[in-house]
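Structure first, commentary second.
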Amino acid sequence: MSESLKGRKIIHVDMDCFYAAVEMRDNPEYRGRPLAVGGKADSRGVIATCNYEARAFGVRSAMPSSEAKRRCPELLLVRGRMEVYKAVSEQIRAIFARYTDLIEPLSLDEAYLDVTDCPYCQGSATRIAERIRAEILAETGLTASAGIAPNKFLAKVASDENKPNGQCVIPPDRTAEFAAALPLRKIPGVGPKTAERLAEHGLHIGADVLAKTPEQLAHWLGKFGPVLHQRAQGIDPRPVQTHRERKSVGVETTLARDLTQAPACYQVLEGLLPELERRLRGRPFKGVQVKLKFHDFQQTTLAQQATVLELAQLKAMVDGAFERGEGRRVRLVGVAVTLAPAEAEQAQQLPLGLG
Ligand code: TTP
Ligand code: MG
């Protein structure tokens, strides 16, 4: 690890039930009752987020709105106001900028800050985080939670520990024991499927992972294996990246059985859209790509301009890609979008849900 990465102070700030909190702030009648922001339940809408009252009923982000209504019949479901969320996002980023130039936004409501060289609060990252949260509350009327740690991974995990309206510090001399006791599912990059696979091998917490070699983990998890081995030791050398320009966001799935018809591919693609929307987090985009990989591992990608996800357009693209296969069976379906340049972010917005 390079010298410059030692002894860092990283804060991860994450707003509490962000879109829902904004709606409760601006509509007092929404407070104290289960509320979700998302697409309509009768079309194919999904939940973007919900307040803590709704979470008590099992309502979750990225859940179909129809399922959310089943779990919580009294759920109040409202459309999002992306322009308001973007304005709040600018406000909180301006607050971060008072403390450091090293800011890496992850989404509208979430960012890493490297405050290693921040002169305020006698350099106490814990107190800097408290001040940032107090300023956010005073200036936006909204609460945020924070995690303070020597690296990004631990800071992100820590920000979830005392949510809502709380913070958690993992000091440098506690990183190893914290990571050793951490349920693997809480490690960013370990989704439900990976967690399940690890559990099948008897791995549940960080300490279990350390009983394996990075090579063994690579055998199970590919490139992520050695990364997981580091995380389980509380290690994450990634710097806070101020100008991360992600060019595209995509999801794909390898099928259990090859598909021989285009309509079957539509269905798979439709199933990928909620996850794509979740990863997009409302960012504007300018193009969409459909990818098919055939049974002989040849693949084709078809790209078109688009600023919204339209099923009709995507189906036509699947048809085009399928034709290129000249009858070959399909083993993988993917869909991705090309993000709009950052400048466009204020001007455009993505409708919530597909409905
Ligand atoms: P999160 O920070 O993941 O969630 P949250 O702020 O709503 O709740 P928490 O208190 O647990 O942090 O996401 C921030 C916003 O991003 C969220 O308010 C809505 C949006 N979002 C989606 O649109 N779709 C999603 O699947 C997720 C997870 C978030
Ligand atoms: Mg949040």
Side-chain angles (χ1 to χ4, degrees), residues 11-26 30 34-40 44-65 67-68 75 77-93 96 104-113 129 132-133 136-137 140-147 152 155-168 185-186 188-189 191-192 249 251 271-285 308-309 337 339 345 349-355:
I11 301 175
H12 177 254
V13 181
D14 188 333
M15 302 294 288
D16 301 320
C17 58
F18 182 46
Y19 297 179
V22 172
E23 296 309 324
M24 290 191 288
R25 176 192 72 178
D26 297 346
Y30 293 169
L35 172 77
V37 176
K40 289 196 205 92
R44 297 192 349 91
V46 294
I47 302 296
T49 194
C50 60
N51 65 5
Y52 287 81
E53 288 86 341
R55 289 180 199 195
F57 288 86
V59 179
R60 295 286 179 271
S61 290
M63 178 180 279
S65 301
E67 170 68 16
L75 183 70
L77 186 60
V78 301
R79 295 294 277 180
R81 294 176 301 149
M82 198 55 82
E83 56 309 332
V84 183
Y85 312 145
K86 284 184 174 155
V88 174
S89 183
E90 278 179 33
Q91 278 182 289
I92 64 171
R93 284 182 198 174
F96 302 154
E104 179 179 340
L106 294 178
S107 64
L108 290 180
D109 87 319
E110 198 183 332
Y112 293 115
L113 320 182
I132 288 173
R133 291 174 46 240
I136 290 175
L137 182 59
T140 70
L142 300 166
T143 63
S145 296
K152 293 205 288 191
K156 187 166 168 77
V157 174
S159 71
D160 245 10
E161 288 288 295
N162 295 317
K163 243 180 189 306
N165 198 19
Q167 64 181 56
C168 167
R185 184 66 186 84
K186 288 196 178 181
V249 175
V251 287
L272 293 173
L273 293 180
E275 175 63 12
L276 180 61
E277 291 218 325
R278 190 184 73 75
R279 293 193 189 171
L280 256 175
R281 295 282 180 90
R283 282 172 291 181
F285 57 94
V308 289
L309 293 171
V337 299
L339 295 175
E345 202 148 342
Q349 58 168 290
L350 174 77
L352 291 165
L354 293 170

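First listed ligand is number 1; within each ligand, the first listed atom is number 1. Fair warning: this is a prediction, and the values are worked out from it, not measured in the lab.
In the vicinity of T49, heavy-atom distances shorter than 4.0 Å reach the ligand 1 atoms 5 (P), 7 (O), 17 (C), 18 (O), 19 (C). Of all atoms in ligand 1, listed by their number and element, those nearer than 4.0 Å to a heavy atom of R278 are 25 (C), 26 (O). Heavy-atom contacts of F18 reach the following atoms of ligand 1: 5 (P), 6 (O), 7 (O), 18 (O) (cutoff under 4.0 Å). Here is the list of ligand 1 atoms found below 4.0 Å of a heavy atom in R281: 3 (O), 16 (O), 21 (N), 27 (C), 28 (C), 29 (C).
A tilted orientation is assigned to the rings of Y112 and H12, their planes being inclined by 30° to 60°.
From R55, atom CZ reaches atom CZ of R60 across 7.0 Å, with rounding to the nearest 0.5 Å. Note that CG of L309 and CG of L276 are 5.5 Å apart. Values are rounded to the nearest 0.5 Å.
Using a distance-only test at 3.5 Å, with no hydrogens or angles considered, a donor-acceptor pair links the side chain of N162 to the main chain of Q167. The backbone N or O of S145 lies less than 3.5 Å from no partner atom in the side chain of S159, so there is not a single donor-acceptor pair.
Within the 4.0 Å heavy-atom shell around ligand 1 one finds C17. The closest approach between any non-hydrogen atom of R55 and ligand 1 is below 4.0 Å. The closest approach between a heavy atom of Y85 and any atom of ligand 1 is not below 4.0 Å.
Of the candidates S145, C50, A20, S61, it is S61 that places a heavy atom closest to atom 28 (C) of ligand 1.
The closest side-chain heavy-atom distance from P34 to V59 is not below 4.5 Å. Between L142 and I92 there is no side-chain heavy-atom pair separated by less than 4.5 Å. In this structure, K152 and L106 have side chains that are not in contact, with every pair of non-hydrogen atoms separated by 4.5 Å or more. When side chains are defined from C-beta on, D16 counts as touching K163, because their heavy atoms get closer than 4.5 Å. Between Y19 and R81 there is no side-chain heavy-atom pair separated by less than 4.5 Å.
For the pair D109 and ligand 1, the shortest N or O to N or O distance falls below 3.5 Å. Between D16 and ligand 1, a contact under 3.5 Å exists for no N or O pair. Looking at S107 next to ligand 1, no N or O pair under 3.5 Å apart turns up. Not one N or O of I47 is nearer than 3.5 Å to an N or O of ligand 1, by distance alone.
Applying the side-chain hydrogen bond (donor to acceptor under 3.5 Å, both in side chains) criterion to E275, with sequence neighbours excluded, gives R278, R279.
Protein atoms of type N/O/S that fall under 2.8 Å from the Mg ion (ligand 2) number 3 in this view.
Taking the ring centre of F96 as origin, the terminal cationic atom of R93 falls outside the region bounded by 6.0 Å and 45° from the ring axis.
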